[in-house]
Amino acid sequence: MPSKEEMVDHAKRLERYWKKRTEQRLMVRRLRDLDPDTSIANDPKRPLDLAKLQRVIVTDPRSYWNWAIATLANEPFKWRSPPNATNEETAKAGRLERLAYGIDWQMDDLAMRTGLMPWRYGLAAQIVSGWYAVRPFTDKIGDAVVFRMEFYDPTSVFQEWDYEGLVRCARKSKMTRQAASAHIVANGGRILTGSPEEHLDCIDYWERKGGVVENAFIVADEMALSPVQQPFRSIPIFTGPVAGYGSEDAGEGDMVSPVITMGQSILDTPMTAYQHRNQMATLLREWARRAVFPSIKPTAQGAVEIVKPGDMEAGQSAVLPLKPGETVEYLPLPPVPVDVRILMEGFQQEIEMATVPASMYGVNRPQAASGYLEKLLQIQATIRLGAYDVVYNRVAEAIMTWFVREVKNRNMKVALRSEDLTKRGLSGIFLDDYGPEDVPETFVLKAQHELLSPIDKQAISSRTLGEVQQGARSMESG
């Protein structure tokens, strides 16, 4: 394991390497959170003073983000261990599946009791963001073994891979002294002295070398936990990009995968369309505000104040005593060009092509649109999440496989609520005991989760059949 100075240097180097990725992910996050400075386009060559305008920021990014998470995580995982006729331990497949269901159920139950959402929602939220970083671990509450996972902020995790997986991983974060002490004490260290609410710079550093995994914890440039060999074959952090394509000439070029620009959230594609539509809406609102509160042109002899602020506010009648030769009139605003509406519709079209049709939210729904058409639009929008769903399933499989292997490798005895897959309802739910004998030496655990429901598939089949009957598609074209 390198020295403390070398670990800090590695962490800084990795942070620099992923700088562009981090900046892009944070900008997307601000767009999702409807940050005014990010949500409105502003040309640096002809900047608008947005602080003086009544800004309009549509809620579409947050709505689409929530819809995507709900679509991915709405259905629980179905855990399956494919049978293998040549494997003498095939009979354990059923027990293995129920063990996976039990771990899944326990993590949800623990999340509910600690004020968190079911774990699949946390995973889905990271997947749609373009990057994920998850740390699974086992713990004990009394004599009971519990399975936990912590979702790291992906922008705080800096990775380096080789051809076998993670070779280095540094997580940089600010923690209160109390939280840092809790982590240190849980791993055999001493509590930190000082104000418990003071925020400290922390580095959780992992490295794999020669088949050995070590972990150290640095607080405020001091070694709080010296490097300790961990009982893992690989670094137990699941992290990586989702969707998008990397640039091979980005970064320092000293790693196997220089993919700074890899990892695209569901908001990366429509981002500029959101920003320009917000800009147009802000300018239109400013035009409307000036129409309601127009500029006033008084005419009088000398520098005489004829109208005071508030005398002629919109919606109010004002009686102004004027002398001969004095007049008060509104300054007319120029008309709004028709092209503005065309631009707004164009931006909306771009947004819907990249996300979901507005009619799915009940907006501008065509009068003649049938429920069947609406279903097809929903299916098309859902299919756009396909790349995210693939990674969502693979990461869930990797995490559950890691938990199951821990039961085997660490000789754990666990009592878990599970279900009988041959029964339905409450009669199929029971408490069962599991141990290393329930985990085969070799196994495959699959997470079955489909974006499209049976009704969706039926709608697609009906549409395809109709196209074949009308000659628009041949059976050979699929």
Side-chain angles (χ1 to χ4, degrees), residues 65-81 94-129 132-154 186 236-239 242 385 388-408 410 412-435 438-439 443 445-451 453:
W65 191 276
N66 292 339
W67 175 85
I69 293 174
T71 301
L72 282 179
N74 193 39
E75 291 294 325
F77 290 107
K78 296 179 181 178
W79 300 103
R80 296 293 180 266
S81 180
R95 291 282 295 173
L96 187 65
E97 291 173 1
R98 279 159 50 178
L99 172 59
Y101 275 109
I103 295 172
D104 190 335
W105 198 338
Q106 189 202 69
M107 286 194 295
D108 278 353
D109 181 67
L110 189 61
M112 179 195 69
R113 290 189 285 111
T114 53
L116 302 174
M117 292 284 285
W119 70 274
R120 65 180 186 275
Y121 281 90
L123 179 59
Q126 291 210 343
I127 295 298
V128 301
S129 76
Y132 61 91
V134 187
R135 165 73 164 102
F137 59 96
T138 57
D139 200 356
K140 274 198 169 187
I141 299 179
D143 294 331
V145 176
V146 294
F147 300 87
R148 298 176 180 269
M149 66 173 63
E150 185 175 353
F151 293 101
Y152 294 159
D153 179 352
I237 298 175
F238 296 90
T239 179
V242 186
L385 295 178
Y388 299 90
D389 187 55
V390 169
V391 181
Y392 176 65
N393 284 318
R394 297 295 84 81
V395 175
E397 290 172 3
I399 291 172
M400 188 58 70
T401 299
W402 187 90
F403 279 133
V404 170
R405 290 196 187 280
E406 282 291 281
V407 173
K408 182 78 171 180
R410 302 180 69 173
M412 294 181 178
K413 298 289 186 179
V414 294
L416 298 169
R417 283 184 294 179
S418 186
E419 65 175 333
D420 187 338
L421 302 181
T422 64
K423 297 181 180 180
R424 293 183 178 181
L426 296 177
S427 62
I429 299 173
F430 57 93
L431 187 68
D432 206 349
D433 295 322
Y434 302 91
D438 294 309
V439 182
F443 66 90
L445 196 59
K446 302 291 291 182
Q448 292 186 355
H449 171 271
E450 296 184 358
L451 285 174
S453 67

Could you tell me which residues satisfy side chain to side chain contact (heavy atoms under 4.5 Å, CB included) with P118, sequence neighbours excluded, listed by chain and number?
-> D108, R120, Y121
Applying ring-ring contact (aromatic ring centres under 6.0 Å, His included) to W119 and not counting sequence neighbours gives F77
Where is the tightest heavy-atom contact between V128 and A125, given as atom of each residue plus distance?
-> CG2-O, 3.4 Å
Are the side chain of E406 and the backbone N or O of M412 linked by a donor-acceptor pair below 3.5 Å?
-> no
Could you tell me which residues satisfy salt bridge (Lys or Arg N to Asp or Glu O under 4.0 Å) with R394, sequence neighbours excluded, listed by chain and number?
-> E397
For L431 and A415, the nearest pair of non-hydrogen atoms, with its separation, is CD1-C, 4.3 Å
CG-CG distance between D433 and L416, expressed to the nearest 0.5 angstrom | 8.5 Å
Keeping the roles fixed (side chain from N393, backbone from D389), state whether a donor-acceptor pair exists under 3.5 Å.
-> yes
Between atom CZ of F403 and atom CE of M149, what is the distance when rounded to the nearest 0.5 Å?
-> 4.5 Å
Who passes salt bridge (Lys or Arg N to Asp or Glu O under 4.0 Å) against K413, sequence neighbours left out?
-> E437
Just do the side-chain contact (heavy atoms from CB on, under 4.5 Å) check on W79 and L99 with the steps written out, would you?
-> CA-CA 9 Å; W79 300 103; L99 172 59; over 6 Å; no
Looking only at heavy atoms, the pair that brings L110 and T114 closest together is O-OG1, 2.8 Å
Is the shortest heavy-atom distance from the side chain of Y392 to the side chain of L385 under 4.5 Å?
-> no
Are D109 and R113 close enough that some pair of their side-chain heavy atoms sits under 4.5 Å apart?
-> yes
So, the side chain of D438 versus the backbone of G435: is there a donor-acceptor pair under 3.5 Å, distance only?
-> yes
Under 3.5 Å donor-acceptor, Q126 side chain and T239 backbone = no
Of all heavy-atom pairs linking K408 and V439, the shortest is NZ-O, 3.0 Å
Evaluate side-chain contact (heavy atoms from CB on, under 4.5 Å) for R417 paired with Y101, printing each intermediate quantity in order.
-> CA-CA 8 Å; R417 283 184 294 179; Y101 275 109; over 6 Å; no
Nearest-0.5 Å distance that lies between atom CG in L116 and atom CE in M107 | 12.5 Å
Hey, could you give me the CG/CZ distance between L445 and R80, rounded to the nearest 0.5 Å?
-> 10.5 Å
Residues passing the salt bridge (Lys or Arg N to Asp or Glu O under 4.0 Å) test with D153, sequence neighbours excluded, are R29
Can you name the salt bridge (Lys or Arg N to Asp or Glu O under 4.0 Å) partners of E150, sequence neighbours left out?
-> R171
So how far is it from F151 CZ to R135 CZ, rounded to the nearest 0.5 Å?
-> 13.5 Å
V407/F147 under side-chain contact (heavy atoms from CB on, under 4.5 Å): CA gap, chis, key distance, verdict | CA-CA 10 Å; V407 173; F147 300 87; 3.9 Å; yes
State, to 0.1 Å, how close I127 and L72 come at their nearest heavy-atom pair, and which atoms those are.
-> CG2-CD1, 4.3 Å
Could you check V146 against Q106 for side-chain contact (heavy atoms from CB on, under 4.5 Å), going step by step and ending with a plain yes or no?
-> CA-CA 7 Å; V146 294; Q106 189 202 69; 3.8 Å; yes
Kindly give the heavy-atom pair with the smallest separation between A124 and A73, and that separation in Å.
-> CB-CB, 3.9 Å
Any chance you could measure W402, atom CH2, to F137, atom CZ, to the nearest 0.5 Å?
-> 9.0 Å
